[in-house]
2 protein chains.
Amino acid sequence: MRNQGQRLVRGTDVARAAGVSVATVSLVLNDRRNVVLSERTRDRVREAARRLGYLPNRVAQSLIQGRTRTVGVLLPSLASSFVARIADGIETAAAAAGLGLLLANSRHDPESEDRQLGILLGQRVEGVVLVAGEGTVSTLGKRLERLQQSATPFVVVDDETHGHRGDCVVSDDRQGMDLAVAHLASLGHRRIAHLGAGSITSSALARLDGYRAAMARLRLRVDRDWIEGDAFRSADPAASLMRLLRARRPPTAVVAANDRHLAEALPTLRAAGIGVPGDLSLVGYANYDFASYLDLTSVEQDPEVIGAKAFGQLLSRITDGPSKPARIRVPVRLIVRSSTQAAFFRS
Amino acid sequence: MRNQGQRLVRGTDVARAAGVSVATVSLVLNDRRNVVLSERTRDRVREAARRLGYLPNRVAQSLIQGRTRTVGVLLPSLASSFVARIADGIETAAAAAGLGLLLANSRHDPESEDRQLGILLGQRVEGVVLVAGEGTVSTLGKRLERLQQSATPFVVVDDETHGHRGDCVVSDDRQGMDLAVAHLASLGHRRIAHLGAGSITSSALARLDGYRAAMARLRLRVDRDWIEGDAFRSADPAASLMRLLRARRPPTAVVAANDRHLAEALPTLRAAGIGVPGDLSLVGYANYDFASYLDLTSVEQDPEVIGAKAFGQLLSRITDGPSKPARIRVPVRLIVRSSTQAAFFRS
DNA sequence: CCTGTTGCCTAAAACGTTTCAGTCAACGGC
DNA sequence: GCCGTTGACTGAAACGTTTTAGGCAACAGG
């Protein structure tokens with residue numbers, strides 16, 4: 001720790017240089033206008049501070065003021081661009097509000113998430129944004145309880161199954177599925193199948209749910225063998241998609257819970273001689289950058305806005321205190337490309 | 001700030017509950033073995049701490065110990081998956097070393113980066129990882145100077161043009177280009193052109209440089225019109241690629257500085273009736289996830305390792321103090337897919 | 001000369017830890 | 001009974017700020 005040798009400049013140093021007390025330094029630099037101070041003194045202090053390169057020690061400030069101006073963000077990984085962009089949104093909003101971000105990464109491990117949360121609370125963050133992820137969501141309740149006990153405001157992102165415990169912000173998966181199904185229906189499709197996400201996260205379930213609701217709303221029947229790749233199926237999207245096409249009444253279109261599954265299944269479709277969109281229309285989900293390269297119609301989410309809203313909600317909890325849990329759903333929009341076209345066959 | 005009302009439990013509270021002094025609480029909880037303390041007292045204190053849910057206030061600890069156990073990460077954005085994965089690598093390494101991460105985002109704006117750096121230094125982070133980005137790299141030196149003045153250890157990531165000022169960690173772009181060119185040469189290609197990144201970042205320059213060096217090493221001539229999309233050209237990759245194909249001696253293969261440029265140019269190639277790899281072999285760079293969906297041969301980087309190495313270097317600076325600047329280049333590897341095949345024509 | 005008033009600044013406490021010198025009791029040896 | 005030693009714990013300072021009550025000089029009014 002060589003910084004010890006070369007101490008950073010403190011308020012005392014500025015005070016000595018300006019020929020005043022530390023109290024005065026603080027008063028001047030924080031521009032306490034209700035205290036009378038001569039312009040001459042102000043200038044002297046400011047000049048000394050500038051000359052010495054004085055940066056008030058935030059640690060000491062935090063201790064005395066009882067607030068750290070820092071919020072914690074606990075996420076499962078930054079490898080997912082969806083999560084990373086949420087973090088970006090949180091950071092931007094926090095910076096605008098003058099709050100810093102302490103980042104912790106659970107690596108999808110509940111125990112690690114526990115430990116990290118402990119560290120964040122030890123650091124006395126003023127609030128926590130908890131981004132749910134596979135692996136940690138099932139035991140999330142335990143950590144929310146801990147947050148409640150320590151009276152630390154929090155917001156959950158990307159999971160609404162714990163909505164009764166506090167605020168949550170999610171992407172509007174139901175709306176997304178409705179847009180996808182409605183788009184296909186407007187093209188004349190009646191036999192629309194669903195290729196699920198193969199996981200049991202809150203949004204995977206919401207997308208399946210949204211698919212069913214949209215079909216019901218449009219009075220379209222859903223055959224039993226039109227849903228594939230749910231939590232109980234293997235994670236082979238191509239095989240799942242091919243199974244869908246062997247249904248008793250084969251679908252003319254498929255809405256997927258994830259672009260990635262479609263991208264992976266595309267070569268198999270091509271090999272089987274099934275043209276897209278000629279023989280089969282496809283709608284993906286998430287609008288990853290490759291969706292445009294593959295010309296996939298897809299539902300675009302807005303992770304930056306999710307992050308911004310999550311921070312906004314957290315901030316209002318920090319300043320206004322608790323009240324009835326809010327559930328914020330961020331709208332999505334459909335990006336139409338050439339993987340969808342009018343139905344080639346009407347039932 | 002409602003947390004004020006419901007204060008968190010302090011060492012004093014534990015001390016009172018256990019019938020000892022605060023000093024004892026600290027001694028027990030920090031397991032100071034060189035001080036003699038009876039087992040009975042230890043147990044009483046530990047029990048009281050557990051019962052009250054005592055979490056030592058890190059802010060006070062930091063103040064007294066003069067170290068915050070926190071490093072700052074200053075990056076241009078989390079929207080880039082490359083940067084996000086670097087951050088992930090840093091976080092993982094930092095967590096393993098027991099250090100927290102304060103995240104700041106410059107949004108590609110030098111002024112904002114300045115401000116953010118000020119905040120990090122105010123927070124008394126023990127070191128800073130500075131991830132360079134377009135927009136901020138040109139004025140990076142100013143901030144490095146500031147870091148040097150405050151005697152805060154730092155490491156620069158993704159830029160080696162400031163290597164004289166301190167440590168830097170970069171992906172080995174020269175090696176990557178060498179792998180790409182050598183791969184094509186081994187397939188019999190002699191006329192290999194370069195589609196640049198269209199930016200003037202350190203790695204774009206290094207990739208161009210690596211291309212030239214590799215061609216020279218293999219004794220392959222580089223025509224003047226075989227380099228496109230450098231900093232002075234417009235950012236239309238498809239047009240750049242088509243220009244390459246109109247060269248006096250048209251190339252049979254192209255190595256790009258970025259997968260994305262190839263992905264965007266692909267439709268144009270298809271429209272022009274140029275088959276890949278039949279008429280033209282392509283090698284991309286970065287191995288984005290879409291590279292596999294588009295079957296692009298590409299150079300894969302390892303951002304997590306870049307982050308880990310950056311943190312490792314920073315940590316050794318923090319503990320061992322300064323010495324000769326290190327320049328760490330993280331190896332890359334070539335992922336061969338079907339966008340490259342044996343040359344159709346030998347010169 | 002006394003009493004206020006005003007203007008400008010400062011002393012000192014406080015925040016919640018850690019650390020170390022020191023206290024105090026008990027005990028043993030002589 | 002005295003001295004030293006050991007074991008077990010504690011008092012108080014320290015970290016670098018902010019904040020508030022109050023000090024002090026100058027000056028005015030009576």
Side-chain angles (χ1 to χ4, degrees), chain A residues 1 3-5 7-46 48-49 52-69 121-124 126 150, chain B residues 1 3-5 7-46 48-49 52-69 121-124 126 150:
Chain A
M1 308 293 97
N3 262 11
Q4 242 65 354
R7 294 214 91 75
L8 290 187
V9 35
R10 294 153 304 172
T12 331
D13 305 320
V14 178
R16 194 169 335 105
V20 296
S21 70
V22 258
T24 307
V25 172
S26 171
L27 259 18
V28 170
L29 264 33
N30 291 9
D31 221 26
R32 286 263 164 285
R33 273 288 157 192
N34 47 334
V35 177
V36 271
L37 285 175
S38 70
E39 266 319 310
R40 212 175 62 91
T41 307
R42 286 181 195 277
D43 287 346
R44 278 225 313 278
V45 170
R46 277 197 271 259
L52 299 178
Y54 174 57
L55 259 186
N57 186 331
R58 284 254 199 179
V59 177
Q61 285 183 329
S62 296
L63 183 60
I64 189 69
Q65 294 178 335
R67 50 169 314 196
T68 51
R69 288 165 200 282
L121 292 178
Q123 301 266 23
R124 298 298 190 265
E126 298 188 24
S150 70
Chain B
M1 311 291 97
N3 262 11
Q4 242 64 355
R7 294 212 92 76
L8 290 187
V9 32
R10 295 153 304 171
T12 333
D13 304 320
V14 177
R16 195 168 337 103
V20 296
S21 71
V22 258
T24 307
V25 172
S26 171
L27 260 19
V28 170
L29 264 33
N30 291 7
D31 220 25
R32 286 263 164 286
R33 273 289 158 191
N34 48 335
V35 176
V36 270
L37 284 175
S38 71
E39 266 320 309
R40 215 175 60 90
T41 306
R42 287 182 194 278
D43 288 345
R44 278 225 312 279
V45 169
R46 278 197 269 259
L52 299 178
Y54 174 57
L55 259 185
N57 186 331
R58 285 253 197 179
V59 177
Q61 286 182 329
S62 297
L63 183 59
I64 189 69
Q65 295 178 336
R67 50 171 312 198
T68 50
R69 288 163 199 283
L121 292 177
Q123 300 267 23
R124 298 297 189 266
E126 297 187 25
S150 70

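So you know, we letter chains A, B, ... as the sequences are listed, proteins then strands, and number each from 1.
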d(CG, B:L55; C1', C:dG16) in whole Å
14 Å

Quick one: A:R69 CZ to D:dT17 P, roughly how many Å, whole number?
15 Å

Judged by each residue's nearest nucleotide on DNA chain C, which is more toward the 5′ side, B:A60 or A:S21?
A:S21

Between D:dT17, D:dT19, C:dT17, which one does the side chain of A:Q65 approach most closely?
D:dT19

Classify the nucleic acid contact of A:S62 as base, sugar-phosphate or nothing, counting any heavy atom under 4.0 Å across all strands shown.
nothing

From C:dG16, D:dT17, C:dT19, pick the nucleotide closest to the side chain of A:L63?
C:dG16

Hey, does A:V59 reach any base, or is it just sugar-phosphate, or nothing, if we go heavy atoms under 4.0 Å?
nothing

Round to a whole Å and report the spacing from CG of A:L27 to P of D:dG16.
20 Å

Atom CG of A:D13 to atom P of D:dC15: distance rounded to whole Å?
12 Å

What is the distance from CZ of A:R16 to C1' of C:dC9, rounded to the nearest Å?
18 Å

Give the nucleotide from the list D:dT18, C:dC20, C:dA11 with an atom nearest to the side chain of A:A23.
C:dA11

Examine distances only and state if a side-chain atom of B:T68 and a backbone atom of B:R124 form a donor-acceptor pair shorter than 3.5 Å.
yes

Consider the side chain of A:T41, meaning its heavy atoms from C-beta on, and name the nucleotide among D:dT17, C:dT19, C:dC9 that approaches it most closely.
C:dC9

Between CZ of B:R67 and P of C:dT17 the distance, given in whole Å, is 18 Å

What is the nucleic acid contact for B:R58, judged by heavy atoms within less than 4.0 Å: base, sugar-phosphate only, or nothing?
nothing

By the 4.0 Å heavy-atom rule, please label A:S38 as base, sugar-phosphate, or nothing.
sugar-phosphate

Under the side chain to side chain contact (heavy atoms under 4.5 Å, CB included) criterion, do A:R33 and A:D31 qualify, and how do the steps go?
CA-CA 6 Å; A:R33 273 288 157 192; A:D31 221 26; 4.0 Å; yes

Whole-Å distance, B:Y54 OH to C:dG16 P, equals 10 Å

Nearest to the side chain of A:Q61, which nucleotide is it out of D:dT18, D:dT19, D:dT10?
D:dT18

Distance below 4.0 Å between B:N57 side-chain N/O and C:dC15 OP1 or OP2
no

Among C:dT10, C:dT17, D:dG11, which is the nearest nucleotide to the side chain of B:I64?
C:dT17

Round to the nearest Å and state the distance from A:L8 atom CG to D:dC15 atom P.
14 Å

Using a 4.0 Å heavy-atom cut-off, does B:V20 contact any base of the nucleic acid, only the sugar-phosphate backbone, or nothing at all?
sugar-phosphate

Closest to the side chain of A:L37, out of C:dG16, D:dT10, C:dC9, is C:dC9

With A:V20 as reference, evaluate A:V14, A:V28, A:T41 under the side chain to side chain contact (heavy atoms under 4.5 Å, CB included) test and give the passing residue.
A:T41

Which nucleotide sits closest to the side chain of B:S26: C:dT10, C:dT18, D:dT18?
C:dT18

A:D13 and A:R10 ion-paired at < 4.0 Å
yes

For A:R10 and D:dC15, is the shortest distance between a side-chain N/O and OP1 or OP2 below 4.0 Å?
no

Check this for me, if you would: do B:R67 and B:E126 make a salt bridge, where the nitrogen-to-carboxylate-oxygen distance has to be below 4.0 angstrom?
yes

Quickly, which of A:N30, A:T24, A:L29 forms a side chain to side chain contact (heavy atoms under 4.5 Å, CB included) with A:S26? Name it, please.
A:N30

When you measure from the side chain of A:T24, which nucleotide among C:dT10, D:dT10, C:dT17 comes out closest?
C:dT10

